[in-house]
Amino acid sequence: MTKIPVMPTLDATVEFWETHDSSEFFDDMDEIEFEVALHKDLFHPDLIILTHRPTYCPRCRNELGDAVIEYGTLREGHLLIIRDVPALRCRSNGHFFLLEEVLDQIEHLFELEETHKLLPAEIIQLPVFSFKSALAVG
């Protein structure tokens with residue numbers, strides 16, 4: 001197997017991996033373990049995370065604008081909502097994007113909430129319906 005070359009820049013690294021099959025370098029790779037706790041945004045299920053702010057929409061190449069969204073996710077059976085989250089929105093097709101640094105801040109808010117170091121700005125009442133009960137009524 002081939003050795004993984006050392007790249008001088010991040011752009012060179014990206015270009016290399018876009019044009020090479022990682023299976024060619026399997027023997028040169030270290031095995032690692034890490035824990036991932038992904039939180040899907042329930043309000044924007046197609047939200048794409050970006051490492052940097054592009055000039056144009058990565059999906060359709062149209063103009064991007066700033067937007068503010070609500071980010072909602074389930075954690076341990078509880079719905080958590082974060083309001084006033086800065087995002088990017090395609091002005092033509094409505095695609096939403098979140099910068100990685102914003103997602104890191106959201107994760108930090110979740111950690112603060114989990115350790116009770118962050119109090120909610122408000123608590124809302126949320127109705128929950130049973131599918132079986134709804135069918136019995138209708």
Side-chain angles (χ1 to χ4, degrees):
M1 295 270 170
T2 310
K3 294 286 263 178
I4 299 173
V6 176
M7 298 293 159
T9 66
L10 179 59
D11 288 338
T13 303
V14 169
E15 184 177 338
F16 177 83
W17 288 113
E18 286 178 343
T19 58
H20 288 79
D21 184 347
S22 61
S23 66
E24 297 173 22
F25 305 92
F26 188 73
D27 289 341
D28 196 32
M29 294 183 187
D30 295 326
E31 184 174 326
I32 61 168
E33 290 184 26
F34 55 93
E35 203 172 303
V36 177
L38 298 177
H39 304 283
K40 185 167 179 115
D41 182 0
L42 300 173
F43 302 144
H44 303 92
D46 296 328
L47 187 66
I48 296 173
I49 310 303
L50 302 174
T51 58
H52 67 284
R53 183 188 179 107
T55 305
Y56 299 101
C57 176
R59 294 182 69 191
C60 66
R61 309 305 300 162
N62 287 307
E63 188 178 340
L64 283 176
D66 292 320
V68 177
I69 64 171
E70 288 187 342
Y71 186 100
T73 193
L74 285 174
R75 283 182 50 106
E76 299 176 14
H78 298 283
L79 175 63
L80 298 178
I81 300 171
I82 301 175
R83 291 197 169 138
D84 306 319
V85 176
L88 301 172
R89 184 174 185 270
C90 174
R91 293 184 191 246
S92 296
N93 295 309
H95 305 130
F96 279 100
F97 303 91
L98 204 62
L99 294 176
E100 185 176 5
E101 64 190 40
V102 173
L103 184 61
D104 290 343
Q105 293 168 342
I106 289 171
E107 291 296 328
H108 181 68
L109 289 175
F110 288 151
E111 291 170 10
L112 292 174
E113 186 275 334
E114 188 174 330
T115 58
H116 306 288
K117 294 178 182 173
L118 179 68
L119 296 175
E122 68 179 289
I123 297 176
I124 60 174
Q125 185 176 2
L126 182 68
V128 178
F129 298 94
S130 164
F131 185 74
K132 290 179 183 178
S133 297
L135 292 177
V137 173

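All values below come from the heavy atoms of this structure, side chains included, with hydrogens, waters and symmetry mates left out.
- Across Lys40 and Tyr71, no two heavy atoms sit closer than the pair C-OH, 4.2 Å.
- Of all heavy-atom pairs between Arg91 and Gly65, the closest is NH2-CA, 3.4 Å.
- Looking only at side-chain heavy atoms (C-beta outward), Ile48 and Pro58 stay at 4.5 Å or farther from each other.
- Contact between Ile49 and Leu99 at its shortest, heavy atoms only, is CG2-C, 4.5 Å.
- Note that the CG atom of Leu126 and the CD1 atom of Ile81 stand 7.0 Å from one another [nearest 0.5 Å].
- In this structure, the side chains of Leu118 and His108 stay at 4.5 Å or more apart for every pair of heavy atoms.
- With hydrogens and angles ignored, the 3.5 Å screen pairs no side-chain donor or acceptor of Ser133 with any backbone N or O of Phe129.
- The one candidate from Leu98, Ile69, Thr73 that meets the side-chain contact (heavy atoms from CB on, under 4.5 Å) condition with Asp41 is Ile69.
- Side-chain atoms of Leu109 and Leu80, non-hydrogen and from C-beta on, never get closer than 4.5 Å to each other.
- Separating the CD atom in Glu63 from the OG1 atom in Thr55 is a distance of 10.5 Å, to the nearest 0.5 Å.
- Within the 4.5 Å cutoff, the side chain of Pro54 has heavy atoms near those of the Leu88 side chain.
- In this pair, Phe25 and Trp17 present their aromatic rings perpendicular. The plane angle is above 60°, beyond the 30 to 60° band.
- In terms of modelled atom types and a separation under 3.5 Å, the side chain of Asp28 and the main chain of Ile4 share a donor-acceptor contact.
- The shortest heavy-atom contact between Phe110 and Arg75 is CB-NH1, 3.5 Å.
- To the nearest 0.5 Å, atom CG of residue Leu112 and atom CG of residue Leu119 are 10.5 Å apart.
- Across His95 and Cys57, no two heavy atoms sit closer than the pair ND1-SG, 3.3 Å.
- The 12-atom threshold is exceeded at CD of Glu70, counting heavy atoms of other residues, nucleotides or ligands nearer than 6.0 Å.
- Ser23 and Asp21 are linked by a side-chain donor-acceptor pair at a separation below 3.5 angstrom, with hydrogens and angles left out of the test.
- The distance from atom CZ of Phe16 to atom CG of Asp11, rounded to the nearest 0.5 Å, is 15.0 Å.
- To the nearest 0.5 Å, atoms CD (Glu113) and CD1 (Ile82) are separated by 9.0 Å.
- Within 6.0 Å of the OH atom in Tyr56, the count of heavy atoms belonging to other residues, nucleotides or ligands does not exceed 12.
- To the nearest 0.5 angstrom, Met7 atom CE is 9.0 Å from Glu15 atom CD.
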